[in-house]
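Here the structure is laid out as structure tokens; the discussion comes afterwards.
Only this structure's heavy atoms are used, side chains among them; waters, hydrogens and symmetry mates stay out.
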Amino acid sequence: MKYNDGKDRCSWANPKNPIYIDYHDKEWGVPVYDDHKLFEMLILESFQAGLSWECVLNKREAFREAFDDFDVYKVSAYDEEKQAQLKENKGILDWKESNYSLEKALATVGSDENKAPAVSNATIFMKIQEEYGTFSEYLWKFTDHKIIHETGKTSSELSDQVSKDLKKRGMKFVGTTIIYSYLQAVGVVESHEEGCFLHHKE
């Protein structure tokens, strides 16, 4: 489908949402090696279990404010009071449009050390940084630092492997479908559809 600027894009890119179009054109599928951005996208993707990605993207600035600009050190140190504030933050949670998955993402009951998954994941993220030097090195090693070009998938052997390892380390909300979406978002997997002006041509 042609957009107002005459360009063809992936079918999911809502032509009526400038934020979504800008994300599609400038971010999605672009390789990310910066740990700060990798952490931000990991947290945002985890919330996709309760909201559409477009909805999460529309709330991105609210998420950034709520999570201290995704400072992994600050997020990992959130106490019960801060976690309770997140659950009441209407900027990121509109219970009319969210569901049980979102509530679980910020719940403390049953979580390790009484931490919400979004918080405990930050601690695990830092442990991976300590082990590999950077989270980027950890993530990109799964493909030998190569970009995978493929379309039409919602999971893969690669996302299975990454998901399995993150779960083994204790992360939550990192199932293979969420991880595949994450890998696409940070450019490990490039999935612009055939016909899109950004589609990779071998």
Side-chain angles (χ1 to χ4, degrees), residues 1-64 67 69-70 72 105 118 121 125 128-129 132-166 171 173-202:
M1 179 178 67
K2 291 287 186 183
Y3 289 68
N4 291 335
D5 58 6
K7 295 179 179 179
D8 287 314
R9 291 179 172 84
C10 296
S11 58
W12 54 265
N14 183 356
K16 297 180 180 180
N17 189 341
I19 293 175
Y20 217 25
I21 295 302
D22 193 60
Y23 172 74
H24 169 274
D25 291 0
K26 299 177 182 178
E27 285 190 69
W28 194 68
V30 176
V32 176
Y33 304 99
D34 175 69
D35 275 14
H36 181 269
K37 179 67 175 293
L38 288 171
F39 178 65
E40 174 183 356
M41 298 309 293
L42 186 64
I43 293 294
L44 291 177
E45 288 288 349
S46 71
F47 281 96
Q48 191 175 183
L51 298 168
S52 70
W53 178 244
E54 185 173 8
C55 185
V56 171
L57 202 61
N58 289 338
K59 295 171 178 281
R60 191 177 193 174
E61 290 307 316
F63 274 106
R64 281 175 172 162
F67 283 90
D69 195 32
F70 297 103
V72 66
N121 283 359
F125 188 97
I128 293 174
Q129 287 179 314
Y132 288 87
T134 63
F135 186 84
S136 174
E137 176 63 25
Y138 161 79
L139 187 66
W140 282 93
K141 77 177 180 63
F142 283 95
T143 64
D144 292 325
H145 299 268
K146 297 177 182 178
I147 298 170
I148 306 299
H149 300 280
E150 60 187 19
T151 59
K153 294 184 178 182
T154 57
S155 64
S156 67
E157 183 177 341
L158 173 61
S159 65
D160 289 346
Q161 292 174 348
V162 179
S163 172
K164 181 179 180 180
D165 191 72
L166 290 175
M171 277 201 184
F173 284 81
V174 287
T176 186
T177 301
I178 288 178
I179 289 301
Y180 191 79
S181 181
Y182 175 66
L183 294 173
Q184 290 175 305
V186 300
V188 176
V189 176
E190 187 279 312
S191 298
H192 283 285
E193 299 168 0
E194 186 174 355
C196 174
F197 81 100
L198 291 171
H199 176 67
H200 176 80
K201 296 179 177 62
E202 297 289 352

statement: d(His199 NE2, Ser191 OG) to nearest 0.5 Å is 10.0 Å

query: Does NZ in Lys146 sit with more than 12 non-hydrogen atoms of other residues, nucleotides or ligands closer than 6.0 Å?
result: no

query: Checking Asn58 side chain against Glu54 main chain: does a donor-acceptor pair fall under 3.5 Å?
result: yes

- prompt: Can you name the closest pair of heavy atoms from Trp28 and Ala185 and give their distance?
  reply: CD1-CA, 3.8 Å

- line: When rounded to the nearest 0.5 Å, the distance separating CD1 of Ile179 from OG of Ser155 is 12.0 Å

message: Between Lys37 and Glu27, is the salt bridge (charged side-chain N to carboxylate O under 4.0 Å, His left out) condition met? List the steps.
response: CA-CA 11 Å; Lys37 179 67 175 293; Glu27 285 190 69; 3.0 Å; yes

query: Which atom names give the shortest non-hydrogen contact between Ile147 and Pro31, and what distance separates them?
result: CD1-CG, 3.5 Å

- request: For residues Val188 and Tyr182, determine if any side-chain heavy atom of one lies less than 4.5 Å from a side-chain heavy atom of the other.
  value: no

query: If you round to the nearest 0.5 Å, how far is CZ of Phe67 from CD of Glu40?
result: 11.0 Å

- prompt: Do the two ring centres, one from Tyr20 and one from Trp53, sit under 6.0 Å apart?
  reply: no

field: Side chains of Thr176 and Ser159, donor plus acceptor under 3.5 Å
entry: yes

message: Here's a test for you: under ring-ring contact (aromatic ring centres under 6.0 Å, His included), which of Tyr138, Phe70, Phe39 qualifies with Phe125?
response: Phe39

Under 3.5 Å: donor-acceptor pair, side chain of Ser136, backbone of Asp34: no

field: Close side-chain approach of Leu166 to Ile128, heavy-atom, < 4.5 Å
entry: yes

- line: CH2 (Trp140) and CG (Leu38) are apart, to the nearest 0.5 Å, by 9.0 Å

- prompt: Which atoms form the tightest heavy-atom contact between Glu193 and Cys10, and what is the distance?
  reply: N-SG, 3.3 Å

Closest approach of Ile21 to Arg9 (non-hydrogen atoms, all atoms of both residues): CG2-NE, 3.6 Å

message: To the closest 0.5 Å, what do you measure between CD (Glu61) and CD1 (Ile19)?
response: 8.5 Å

task: Take Leu183 and Phe142 through the test side chain to side chain contact (heavy atoms under 4.5 Å, CB included) and record every step on the way to the result.
output: CA-CA 11 Å; Leu183 294 173; Phe142 283 95; over 6 Å; no

message: Determine whether Leu42 and Met171 satisfy the following criterion, side chain to side chain contact (heavy atoms under 4.5 Å, CB included), listing intermediate values before the conclusion.
response: CA-CA 11 Å; Leu42 186 64; Met171 277 201 184; 3.8 Å; yes

- prompt: In Å, rounded to the nearest 0.5 Å, how long is the span from NE2 of His200 to CD of Glu190?
  reply: 7.0 Å

query: Between His36 and Asp69, is a side chain to side chain contact (heavy atoms under 4.5 Å, CB included) present by the stated rule, with each step listed?
result: CA-CA 9 Å; His36 181 269; Asp69 195 32; 3.9 Å; yes

message: I want to check something: taking the side chain as every heavy atom from C-beta on, are Arg60 and Leu44 in contact at a cut-off of under 4.5 Å?
response: yes

message: Would you call the rings of His24 and His192 parallel, tilted or perpendicular, taking 30° and 60° as the class edges?
response: perpendicular

field: Neighbour count >12 (heavy atoms, 6.0 Å) for atom CD, Glu150
entry: yes

- prompt: How close do Tyr23 and Leu57 get, heavy atom to heavy atom, and via which atoms?
  reply: CB-CD2, 3.4 Å

Working for side chain to side chain contact (heavy atoms under 4.5 Å, CB included), residues Val162 and Tyr180: CA-CA 9 Å; Val162 179; Tyr180 191 79; over 6 Å; no

